[in-house]
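One structure below.
Along the sequence shown, the residues carry numbers beginning at 1.
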Amino acid sequence: MADARLGIDALLLGDRKEQAVFLQTTVDDESVSKLIEVNPIERATIFSDEIRPSDPRNVGPCGGFSMQYACMCDFHAVQYREEVAWDIDTIYLSHDNRILNLRDFDHLEQKDLTAIVSALEYNTFFRGLKITNTRLSIETLERILHVLKRSMWLEELHLEALGLRSDFIHKLSIAVISNPNPALRSIDLSHNMIEDKGAGHFAGPIAKISKGVSKLSLSHCGLTSKGVNQIAQSLSLNQNVSNSLVFLDLSGNNLKDDVNNLYNFLAQPNVIEYLDISRTDTTLESLFGALLRGCSTHLLHLNVAHNSFNTKKGKEIPPSFKQFFTSSLNLKHLNISNCKLPLEALKHLLLGFACNESTAGLYLDLSCNSLSSQGAHVLESCIHGVRVLSSLDISDNNLDLEMASVLTAIGKNPSIKVLHMSKCFNGMKIKHISTVMEALVNLIQKDDFQLQELVLSENKLKNDLHNFINALGSNQSLQMLDITGNLMGDIGARLLAKALQINNRLKTICMDRNSITLQGYADIVYALEHNFSMRNIPFPVFDITPCLKQHPERTDTLMRKMQELLSRNGDGSRRGNGQGFRLQHGFLLSATHQILEKLVTETQEEMSLRQGGENNLTKLLQDAENCKQLLPKLQDAVRCDPHHIEVRLSKLKLELHSAIKHYLKETMETMLRTGIEQCPITLGNQGMLAELRKGCEEKFVISEEFLQNCLVNNAGSEVMNRISELEQSMASLISDRATDEVLEALTRYKRGLRLSDSPHSFIEDLQTPEATRSRSNQDYHAVDQFETRGLDLPKLGLDSPTKLEYLNLATPQLQSKRRSIARKVRPQSVVGLGIENLSLSNLPDMLKNPSPERHYSRSKLGSTNEQKDEECCDSISELPSQSMTLQHLVKGAVMEKKSVRDMAANLNKLGGAPSSCGVFGQYRLPGSHRRVFDIFLTVLLVVLYLSGYTIGPEVCCRSCVPREVLVVAVCF
């Protein structure tokens with residue numbers, strides 16, 4: 001009856017047109033007939049026909065909301081806002097958005113919002129009302145309650161962070177119960193302090209909603225175990241909830257006490273897909289026991305972060321914990337961060353997922369669990385077998401040096417595509433960072449581990465990030481990289497620019513908070529000119545803000561240029577033809593083919609010494625020469641201009657254009673026939689039809705240029721890029737296998753093994769079980785059998801070319817010799833090496849004159865020994881053994897307070913008077929030790945010179961400081 005009275009009031013206030021539309025859209029004839037006496041009775045039929053719409057399409061857009069809103073403005077005596085009607089009829093209708101969000105109108109006054117909410121009372125288009133983070137007047141809240149009491153179409157109610165209290169929840173419960181046909185199924189009251197009293201009021205309507213609740217969000221509502229138990233009890237009493245509730249969020253409430261009603265509800269068979277019980281202080285043992293019985297079938301998203309285990313140290317974890325992860329059928333997201341996971345729980349979790357064969361594509365968040373070294377051992381031993389994982393977050397776990405072994409184990413799990421390592425290096429010892437970063441470089445360089453996303457944010461790695469950036473250039477799997485907050489500076493930006501010029505896979509990179517200036521971003525913009533794969537670089541707000549203050553125009557130009565290049569890449573421009581082939585061939589030429597050439601030369605020398613060789617060996621040497629150009633030959637074999645696929649795409653474009661043209665013609669004829677049927681007088685004229693046909697054929701067409709851009713340039717470019725990658729992979733596989741076989745055969749010959757008479761039998765011999773078992777050992781030691789001192793190879797800090805460390809190996813464990821010696825990591829740059837970065841590998845050789853010891857040894861030895869002594873002096877490959885250690889002259893002696901001259905005299909007594917060559921002239925050292933000592937002495941001289949020392953009366957032959965000062969420095 002109140003509905004009809006409201007309708008009559010609005011009817012009396014509006015004009016004639018508004019009266020008719022309002023009656024047609026809001027008031028039913030039965031309600032009106034109860035208020036109006038119709039005499040004679042036959043007039044009731046006429047009245048009913050007048051207010052009943054003949055066609056629902058005549059109501060207007062969005063269920064006639066604009067006219068209903070106009071009537072409610074008259075009813076509430078507020079001004080009609082045309083912008084409200086336009087937004088509803090245009091924006092909401094175009095997006096088919098059936099949730100009315102008051103944020104679109106929060107710039108209006110509260111009384112305007114009251115009229116908007118009131119219009120929902122009889123509207124059949126909108127299915128929900130959403131209001132968040134605002135304060136509503138009492139009148140607006142009352143209208144919301146009135147709409148809930150009357151509406152038969154409102155299904156979703158989102159009232160988030162409105163400052164609601166328990167008294168409003170009580171009124172809300174009465175309104176829902178008073179509605180004879182409530183459609184409400186989704187309720188969100190998050191961030192409103194309704195407390196247990198409000199939960200008690202709200203439990204009533206939950207139990208009585210006939211269709212059941214599909215979504216219930218009560219996060220951060222100040223609830224305790226008492227209130228949650230009441231809600232859970234109501235959910236259990238409603239028989240339809242077990243088949244309707246798919247979303248349950250109780251996070252941010254205090255559930256320290258027993259919540260048996262919640263556990264009992266979760267233990268019943270249900271269809272919950274999203275469950276969030278984070279930050280509730282609940283005990284995880286009891287929770288997973290309930291989840292095992294009722295939620296293992298449909299649960300997709302589980303968040304139990306910031307909770308803890310009650311299991312005491314030494315007590316076993318309940319079996320239900322492991323069994324849930326084993327039996328879960330559809331789990332895709334598990335957040336168990338900040339739970340201080342016991343080692344036993346971590347092991348059960350990983351082993352449970354390792355036994356799960358039902359789900360896949362799981363995101364596992366183990367961050368902030370303080371796993372430390374013991375947890376790292378558990379991860380190392382279990383993570384490689386968890387093949388359901390696709391994303392792993394191990395951020396901020398204080399793994400320290402053991403992080404390297406964890407990364408090695410992760411590399412053995414090819415299912416992991418996303419890895420989060422935020423704040424993993426904070427608090428790590430400086431001496432361990434390089435080891436962990438080397439393991440990370442090895443991880444992204446593995447051919448059998450295709451990591452697609454890597455997050456290294458907030459680690460403050462600074463210069464330690466440089467080697468990782470150098471390895472990005474050749475990486476062919478990473479598509480998203482986050483290095484935010486690492487303070488790498490302009491040097492890191494320059495190295496990143498170098499990597500981007502050859503990397504053709506990265507699509508997104510986040511690099512804010514890295515202390516990069518305009519110079520660094522200028523380098524990156526320059527690199528993007530040659531990069532056609534990068535699509536997104538989030539705007540670096542923190543780094544750019546200081547630059548905007550100092551150089552606003554230059555900063556604006558750089559950022560615009562960066563966005564233009566990224567937009568260009570989004571249009572589907574293809575990279576230069578053959579870039580992948582040339583890149584791969586360059587890696588081979590850099591190291592592998594050089595060593596292969598050295599190996600061929602030594603084999604030929606041995607053949608000449610043996611005065612003859614096998615026929616197969618001669619052919620094998622020819623294959624070795626041909627291997628050097630095999631990769632470009634493979635490229636040339638498949639190269640054709642235009643490409644076969646591009647020709648096919650062009651033909652497809654023409655076929656599609658013809659098909660579209662034919663379809664549009666048929667569509668035009670169909671529409672014209674329909675128009676003639678509806679309006680035979682107007683459109684039945686042949687002249688009119690001819691004019692319409694001509695207009696449609698001229699205006700409504702799709703040009704070939706449009707199809708060229710969409711099909712060939714955009715989609716076709718993506719297809720051609722992928723085909724190019726597959727061609728490169730095929731060629732690399734063939735070239736690698738050929739190179740491996742040649743190296744294997746020459747290695748066998750070098751070891752004195754004879755080749756088979758037939759190349760095929762030789763290859764078959766390699767595939768025997770004995771050869772297969774021994775091949776891995778041969779792979780690692782084959783290169784060590786040959787001297788490579790004559791090669792012009794890059795040195796990364798070590799002067800000994802006989803060691804493989806100078807190659808900066810991509811992976812520690814490899815299956816082929818080509819992969820173990822191909823240099824894919826860019827050498828360390830000399831840019832930015834300051835005093836703090838000085839090391840033995842960075843110091844220049846400042847000792848130009850030969851040492852006296854070398855002259856002395858040359859006078860005693862012949863030409864052969866002289867050459868060996870020269871090699872010994874130029875290399876530190878042979879470090880001293882236990883039997884060859886330097887004797888500490890003052891070790892173990894009780895040091896008394898003596899003057900500098902007394903200490904010098906004592907040293908002279910021990911070793912004799914100093915010769916003219918200096919203090920250390922009489923102490924002969926091996927060549928390698930001498931070189932280490934020379935470098936140490938050089939650094940010492942520099943430090944003393946910078947400290948202010950001047951030339952004294954007695955000087956050494958290679959120093960500019962007093963002799964006594966050197967003696968004191970060395971003694972200490």
Side-chain angles (χ1 to χ4, degrees), residues 2-27 51 53 56-164 168 175 188:
D3 295 344
R5 293 186 183 278
L6 176 60
I8 296 301
D9 293 339
L11 180 63
L12 295 176
L13 292 173
D15 58 19
R16 185 176 182 83
K17 182 178 179 181
E18 291 178 349
Q19 293 167 2
V21 175
F22 181 81
L23 289 174
Q24 292 176 356
T25 57
T26 60
V27 184
I51 67 173
R57 291 174 294 182
N58 296 332
V59 174
C62 297
F65 182 89
S66 298
M67 193 57 60
Q68 297 166 0
Y69 168 65
C71 294
M72 289 302 173
C73 288
D74 293 339
F75 177 75
H76 291 285
V78 298
Q79 183 179 357
Y80 175 78
R81 306 290 183 182
E82 293 185 359
E83 59 175 310
V84 174
W86 191 93
D87 289 347
I88 296 294
D89 294 345
T90 306
I91 299 177
Y92 278 81
L93 180 65
S94 62
H95 294 285
D96 195 28
N97 187 0
R98 296 177 179 268
I99 306 297
L100 181 63
N101 194 340
L102 286 192
R103 182 180 180 181
D104 295 328
F105 312 105
D106 57 3
H107 59 284
L108 302 176
E109 298 180 1
Q110 288 290 331
K111 57 182 180 180
D112 295 319
L113 300 181
T114 302
I116 295 174
V117 172
S118 299
L120 292 176
E121 185 171 347
Y122 297 101
N123 186 271
T124 60
F125 176 83
F126 286 102
R127 292 292 186 266
L129 174 63
K130 185 174 183 178
I131 313 173
T132 59
N133 297 295
T134 188
R135 291 286 180 176
L136 298 179
S137 64
I138 298 178
E139 293 77 9
T140 305
L141 291 176
E142 291 294 335
R143 297 312 303 174
I144 293 175
L145 297 176
H146 190 81
V147 168
L148 288 175
K149 185 177 180 181
R150 304 301 178 191
S151 177
M152 296 183 293
W153 300 277
L154 201 65
E155 298 177 355
E156 300 183 21
L157 180 64
H158 301 269
L159 303 177
E160 182 179 354
L162 302 184
L164 305 179
F168 176 82
D188 185 356

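Gln68 contributes atom CD, which lies 8.5 Å from atom CG of Leu120 (distance to the nearest 0.5 angstrom). Between the CG atom in Leu113 and the NE2 atom in His107 there is a gap of 9.0 Å [rounded to 0.5 Å]. Taking CG from Asn97 and CZ from Phe125, the interatomic distance works out to 7.5 Å, rounded to the nearest 0.5 Å. Note that CD of Glu121 and CD1 of Ile144 are 13.0 Å apart. Values are rounded to the nearest 0.5 Å. To the nearest 0.5 Å, atoms CG (Asp188) and CG (Leu157) are separated by 8.5 Å. Taking OH of Tyr122 as the start and CE of Met152 as the end, the distance is 9.0 Å to the nearest 0.5 Å.
Within the structure, the salt bridge (Lys or Arg N to Asp or Glu O under 4.0 Å) test picks out the following pairs touching residues 105-120 (sequence neighbours left out): Arg81-Asp112, Glu109-Lys111. The stretch residues 89-103 participates, sequence neighbours left out, in these salt bridge (Lys or Arg N to Asp or Glu O under 4.0 Å) pairs: Asp96-Arg98.
Annotation for Tyr80 and Cys73: closest pair CA-SG, 3.9 Å, computed over non-hydrogen atoms. In terms of heavy atoms, Trp153 sits closest to Arg127 at O-CD, 3.3 Å. Of all heavy-atom pairs spanning Glu156 and Ile99, the tightest one is OE1-CD1, 3.5 Å. Of all non-hydrogen atoms in Leu108 and Glu83, the two that sit nearest each other are CD2-OE2, 3.8 Å. Among all heavy-atom pairs drawn from Ile88 and Phe105, the shortest one is CD1-CZ, 3.9 Å.
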Practice task
Decide yes or no on side chain to side chain contact (heavy atoms under 4.5 Å, CB included) for Ile131 and His158, but give the supporting numbers first.
Solution key: CA-CA 6 Å; Ile131 313 173; His158 301 269; over 6 Å; no

Practice task
Check the pair Leu102 / Thr132 against side chain to side chain contact (heavy atoms under 4.5 Å, CB included), numbers first and verdict last.
Solution key: CA-CA 8 Å; Leu102 286 192; Thr132 59; over 6 Å; no

Practice task
Would you please test Tyr69 and Ile116 for side chain to side chain contact (heavy atoms under 4.5 Å, CB included) and show each step?
Solution key: CA-CA 6 Å; Tyr69 168 65; Ile116 295 174; 3.7 Å; yes

Exercise for the section: Output, in order, the C-alpha distance, side-chain angles, deciding distance and verdict of side chain to side chain contact (heavy atoms under 4.5 Å, CB included) for Asp104 and Asp87. Expected result: CA-CA 9 Å; Asp104 295 328; Asp87 289 347; 5.7 Å; no

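You'll find the side chain of Asn123 stays beyond 4.5 Å of the side chain of Leu100, heavy atoms only. Contact check for Leu129 versus Leu148: no side-chain heavy atoms found under the 4.5 Å cut-off.
A distance of 6.0 Å or more separates the ring centres of Phe65 and Tyr92.
At a cut-off of 3.5 Å, with distance as the only test, a side-chain donor of Arg143 or Ser118 sits close to an acceptor on the other residue.
The backbone N or O of Leu136 lies less than 3.5 Å from no partner atom in the side chain of Thr140, so there is not a single donor-acceptor pair. With Glu160 contributing its side chain and Lys130 its backbone, the two residues share no donor-acceptor pair below 3.5 Å. The closest donor-acceptor contact from the side chain of Gln110 to the backbone of Ser137 lies under 3.5 Å.
The salt bridge (Lys or Arg N to Asp or Glu O under 4.0 Å) test applied to Glu142 returns Lys171, not counting sequence neighbours.
With respect to Phe168, the side-chain contact (heavy atoms from CB on, under 4.5 Å) criterion is satisfied by exactly one of Leu162, Leu145, Ile138: Leu145.
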